[in-house]
Amino acid sequence: MSTLSLLLALTPAAAAPVADPATLAAIEATCLDYVDGQLEADPARVARSLHPDLAKRAVLGDTPDERLGLRRMSKEELVALTKQGALKTPRAEWNRSCRVLDVTGNTASVRLETPWFVDYFHMGRFEQRWIIVNALWYPKPKP
């Protein structure tokens with residue numbers, strides 16, 4: 001290994017770009033619209049947080065029907081589940097956190113955690129509005 005390669009390998013990675021507080025607040029507000037809308041059974045709140053072409057997926061692994069299987073959900077399916085109250089939860093039992101992992105230009109990565117699932121979002125800023133474009137989620141095992 002050359003000296004330059006060794007120095008580059010030992011140099012810490014550059015810190016992720018830091019977004020201004022207003023941008024971070026707007027990204028977090030979108031995350032909370034998504035999760036709190038589901039917990040309140042408010043489909044309009046959930047819908048406004050999602051891109052019309054949302055790709056929401058969970059890893060299933062190999063199934064009898066599909067290699068590298070994914071559970072897929074559209075914006076319409078998630079909004080319908082919210083309307084049915086699938087995750088409706090009394091406010092006293094809410095336990096959720098949104099953490100912005102990275103912001104670069106008009107894109108952001110966010111981690112949402114609840115007692116029931118973890119979501120990793122890719123968000124996009126469209127004009128002044130942040131919305132969820134992709135979501136990869138993990139359903140936590142039930143106790």
(request) Using the rule that two of Ile, Leu, Val, Met, Phe, Trp, Tyr join whenever any of their side-chain heavy atoms come within less than 4.5 Å, decide whether Val110 and Ile131 are in one cluster. (result) no
[Y] backbone acceptor or donor facing [X] side chain under 3.5 Å:
X      : Y      : result
Ser49  : Asp33  : no
Glu93  : Pro90  : no
Thr82  : Ala80  : no
Thr104 : Thr107 : no

(message) Looking at Lys88 and Glu40, is there a salt bridge between them, counting it only when a charged N and a carboxylate O are closer than 4.0 Å?
(response) no
(request) Using a strict 4.0 Å threshold on nitrogen-to-oxygen distance, state whether Lys75 and Asp53 make a salt bridge. (result) no
Flag the pair [X] / [Y] as yes when at least one side-chain heavy-atom distance between them is below 4.5 Å, and no otherwise.
X      : Y      : result
Phe121 : Asn134 : no
Thr114 : Trp94  : no
Arg71  : Trp137 : yes

(request) Determine the sole option in Arg96, Arg99, Lys140 for which the salt bridge (charged side-chain N to carboxylate O under 4.0 Å, His left out) test with Glu113 is passed. (result) Lys140
(message) Would you say the ring centers of Tyr120 and Tyr138 fall short of 6.0 Å from each other?
(response) no
(request) Report the distance from atom CD1 of Ile132 to atom CG of Leu78, rounding to the nearest 0.5 Å. (result) 8.5 Å
(request) State the CG-OG distance between Leu50 and Ser74, to the nearest 0.5 angstrom. (result) 9.5 Å
(request) Could you check Met73 against Leu81 for side-chain contact (heavy atoms from CB on, under 4.5 Å), going step by step and ending with a plain yes or no? (result) CA-CA 10 Å; Met73 190 180 304; Leu81 285 170; 4.1 Å; yes
(request) Kindly indicate, with the supporting measurements, whether the criterion salt bridge (charged side-chain N to carboxylate O under 4.0 Å, His left out) is fulfilled by Arg111 and Asp119. (result) CA-CA 6 Å; Arg111 183 181 194 274; Asp119 269 296; over 6 Å; no
(request) Report the relative orientation of the aromatic rings in Phe126 and His51; use parallel for angles under 30°, tilted for 30 to 60°, perpendicular for over 60°. (result) tilted
(request) Report the C-alpha separation of Val103 and Thr23 in whole Å, then their side-chain angles, then the decisive distance to 0.1 Å, and conclude whether the side-chain contact (heavy atoms from CB on, under 4.5 Å) test is met. (result) CA-CA 9 Å; Val103 179; Thr23 297; 4.3 Å; yes
